[in-house]
Amino acid sequence: MGTNTSPGKRSPFWLVISLTAAVIFWQIIADYVVRNKFILPSFTDTLAALVQLWAGGTIWIDIWTSLMHFAIGLLLALAVGVPIGICIGWFERINRLLDPLIEIIRPIPPLAWIPFAIVWFGLTDFSAGFVIFIGSVFPILINTYEGFRSVPRVFVEAGRMLGCTSSISLIRYIALPAALPHLAAGFRIASGVAWMCLVAAEMFGVSRFGLGQKIWWYYNLHQMDSVLVYMLLLGFIGLFIDYLFRYGIDHSLLRWRVGEVN
Amino acid sequence: MGSVEISDIKREFTREDGLTVQAIDGVSLSIADDEFVSFVGPSGCGKTTLLRIIAGLDQANSGMILLDGNRIAGPSPKVGMVFQEYSLFPWRNILDNVAFGPEMRGLSKVERYDLARRYISLVGLEQFEKSYPYELSGGMRQRVAIARALANDPDLLLMDEPFGALDAQTRNKMQSELLEIWGRSKKTILFVTHSVDEAVFLSDRIVVMSPRPGRIRSVVQVPIPRPRDRTASEFGRLRRDVLGLIEEQSRQAND
């Protein structure tokens with residue numbers, strides 16, 4: 001899984017070599033050097049744990065729950081971050097008004113919000129979504145702002161000369177499409193941050209399922225091979241999401257930029 | 001339609017160190033309907049600033065501009081502009097770029113594409129209507145920019161060094177095409193350029209400006225019938241006269 005998601009036309013030869021070598025190395029270290037399943041489960045231990053969890057565990061519910069937390073947080077971040085980014089990027093007064101607040105709140109690590117997330121929303125899916133929202137809203141907001149700030153003046157002036165004069169139309173027809181590459185970059189960064197916040201948010205027991213929650217759960221049961229299964233799942237799903245977003249954005253929204261024209 | 005009355009325009013800029021620079025100081029000029037007028041002069045003579053004020057993109061400190069008797073206070077679809085930089089919207093294909101003005105005027109999809117196609121064929125780019133700007137050469141992009149400005153059927157077309165970034169051959173070709181378009185569509189064109197050759201080739205009149213503060217030094221009539229021959233002696237003489245006027249200006253400015 002995940003091994004064939006690498007984009008481009010490069011042959012998978014090196015990918016296969018690199019992964020095979022890593023797996024063999026891992027197996028040898030675990031079996032002959034560490035020789036302790038608790039400290040370092042081997043590749044075959046992990047594979048066995050995966051088979052077991054697949055058959056009798058809650059892998060699919062965990063994946064589903066985590067993706068739901070992820071989606072709640074990221075959609076909320078888009079819904080809040082993009083409009084605010086547009087406003088501070090376009091209207092100088094709103095920028096002056098909000099900039100100090102944003103700069104003060106932004107450095108607070110998202111995980112520091114967990115106590116309040118629990119106090120406000122209880123041990124719910126929304127509580128996890130909120131922490132993810134805090135982590136991903138700033139990359140989206142800041143990139144939207146940067147995108148609006150770097151709209152070439154000539155596009156705005158050309159638009160005005162052609163009868164696009166109100167702020168609303170200039171934002172909709174000129175600034176937003178011109179800033180789209182920045183927005184896309186912000187969204188990708190945000191999705192990476194969101195994926196990281198997910199684990200921490202779930203570890204605090206906001207729900208009974210989830211990839212992050214299970215890592216903590218199996219650690220408490222001292223089943224480190226299962227912990228490793230969930231870690232690898234997080235890695236591969238994260239990779240897949242990133243690939244999906246990148247592919248989706250480049251091939252639909254930013255066609256005019258990468259040269260994919262039919 | 002398209003007569004322009006420029007009366008006593010003054011424009012000063014305040015620099016960051018607090019000093020004010022007089023960019024334009026008392027420029028007045030009457031331009032007739034369908035006339036082709038070029039503005040030349042050394043850098044800093046305010047020719048681009050003047051064009052931007054006429055466009056409504058910049059405001060004069062005093063004086064006013066009348067287009068067919070109506071005061072220009074801001075950008076209006078009656079005035080089209082072609083910029084020096086590539087100003088096509090990269091996220092729109094050629095058809096949608098040219099259809100932008102009509103779209104803003106609220107025309108239906110069918111109407112605005114009809115209109116856009118007419119102007120795209122006027123500049124000879126029918127095969128490229130589905131292409132994106134990055135797929136086009138510099139000359140083609142400026143042709144699209146001209147088509148886009150014309151699609152709103154403005155009475156006045158402003159051009160700010162539109163061919164400045166093009167190579168010499170493309171540039172000459174574009175100049176002939178522009179004259180052809182001008183002949184067919186009959187607009188008043190105000191054209192800012194660094195090239196005296198270009199000004200003499202294109203214009204009915206050439207306005208020579210002097211720098212710091214920007215003023216009109218003299219207005220030169222170009223009585224040569226079109227199409228003009230760059231190698232004709234009359235052409236060369238006019239070019240020499242205008243160049244002489246500009247050099248005199250830069251010398252005085254540098255003293």
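Not measured: the values here are computed from a predicted model. In what follows, chains are A, B, ... by sequence order, proteins preceding strands, each numbered from 1. Computed over heavy atoms, backbone and side chain alike; hydrogens, waters and symmetry mates excluded.
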Exercise. In terms of heavy-atom contacts, does CE of M68(A) have more than 12 from other residues, nucleotides or ligands at under 6.0 Å?
Worked result: yes
For this session: Taking the side chain as every heavy atom from C-beta outward, state whether E157(A) and R52(B) have any atom pair closer than 4.5 Å.
Result: yes
Problem set entry | When P90(B), P77(B), G74(B), P102(B) are compared by non-hydrogen pairs under 4.5 Å with chain A, the top option | P90(B)
For this session: Run the numbers on F155(A) and Y86(B) for side-chain contact (heavy atoms from CB on, under 4.5 Å), then give the verdict.
Result: CA-CA 9 Å; F155(A) 292 162; Y86(B) 296 134; over 6 Å; no
Exercise. How long is the gap from CE on M161(A) to CG on N152(B), to the nearest 0.5 Å?
Worked result: 9.5 Å
For this session: Determine whether more than 12 heavy atoms belonging to other residues, nucleotides or ligands lie under 6.0 Å from atom NZ of K186(B).
Result: yes
Exercise. Counting heavy atoms not belonging to Y247(A), are there more than 12 under 6.0 Å from its OH?
Worked result: no
Seminar exercise, completed: d(E103(B) CD, Y173(A) OH) to nearest 0.5 Å is 5.5 Å
Exercise. Can you tell me how far the CE atom of M104(B) sits from the CZ atom of R160(A), to the nearest 0.5 Å?
Worked result: 14.5 Å
Exercise. Out of V154(A), L162(A), T165(A), which one racks up the most heavy-atom pairs below 4.5 Å with chain B?
Worked result: L162(A)
For this session: Below 4.5 Å from any heavy atom of chain A, which atoms of R92(B) appear? Answer side chain, backbone, both or neither.
Result: side chain
Problem set entry | Other residues, nucleotides, ligands: >12 heavy atoms within 6.0 Å of W120(A) CH2 | yes
Problem set entry | Atom CD1 of I168(A) with >12 non-hydrogen neighbours under 6.0 angstrom | no
For this session: Flag the pair I174(A) / F89(B) as yes when at least one side-chain heavy-atom distance between them is below 4.5 Å, and no otherwise.
Result: yes
Problem set entry | Nearest heavy-atom neighbours spanning A158(A) and F83(B) | CA-CE1, 3.6 Å
